[in-house]
Amino acid sequence: MESEIEDGIDEQAVAWFVRLRADNVSGQDETLFLEWLEQAETHRSAFYEICLLWGDPDFLHCLIGNAKKHGIAPSLKKTLH
């Protein structure tokens, strides 16, 4: 059961990753993303793992900056090691 939940969160993280890279991403999309990110540590971890897996450090750092601004940034020690 826990594996199914983790798979669902990973799928959501991938969906957000793709959605946020779209040319037509809206302010509402970004707000919904931040709300999703803020809901749980597992959301933050899954999303940052996706960013790292896709090898997009600039995108990751941009999002971390935005997340810090909103007080929801995860610890980099945890995500980068």
Side-chain angles (χ1 to χ4, degrees):
M1 180 74 167
E2 189 172 317
S3 178
E4 290 176 17
I5 293 170
E6 288 174 10
D7 288 346
I9 292 170
D10 288 343
E11 289 173 9
Q12 291 171 22
V14 169
W16 278 117
F17 181 86
V18 171
R19 189 176 190 181
L20 292 170
R21 294 179 62 90
D23 291 336
N24 63 346
V25 66
S26 69
Q28 183 180 9
D29 290 331
E30 291 174 358
T31 298
L32 290 172
F33 165 70
L34 290 172
E35 289 173 3
W36 176 83
L37 198 66
E38 194 173 48
Q39 287 175 359
E41 176 64 32
T42 54
H43 291 189
R44 292 185 291 276
S45 295
F47 187 78
Y48 289 109
E49 284 179 28
I50 295 301
C51 290
L52 290 172
L53 287 172
W54 281 92
D56 194 344
D58 292 334
F59 186 64
L60 176 63
H61 288 289
C62 175
L63 289 172
I64 288 173
N66 198 7
K68 281 182 181 177
K69 184 170 119 179
H70 293 280
I72 58 173
S75 167
L76 285 179
K77 291 179 192 173
K78 203 172 198 183
T79 58
L80 294 177
H81 288 106

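Fair warning: this is a prediction, and the values are worked out from it, not measured in the lab. Throughout, numbering of the chain's residues begins at 1 and tracks the sequence.
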Could you tell me which residues satisfy side chain to side chain contact (heavy atoms under 4.5 Å, CB included) with [X], sequence neighbours excluded, listed by chain and number?
X     : answer
Thr31 : Glu35
Ala15 : none
Ala13 : Trp36, Ala46, Phe47, Ile50
Glu11 : none

Going from [atom1] on [X] to [atom2] on [Y], what distance comes out if it is rounded to the nearest 0.5 angstrom?
X     : Y     : atom1 : atom2 : value
His43 : Phe33 : NE2   : CZ    : 11.0 Å
Ile9  : Glu49 : CD1   : CD    : 11.0 Å
Leu37 : Leu32 : CG    : CG    : 12.5 Å
Glu38 : Arg44 : CD    : CZ    : 8.0 Å
Glu30 : Arg19 : CD    : CZ    : 11.0 Å

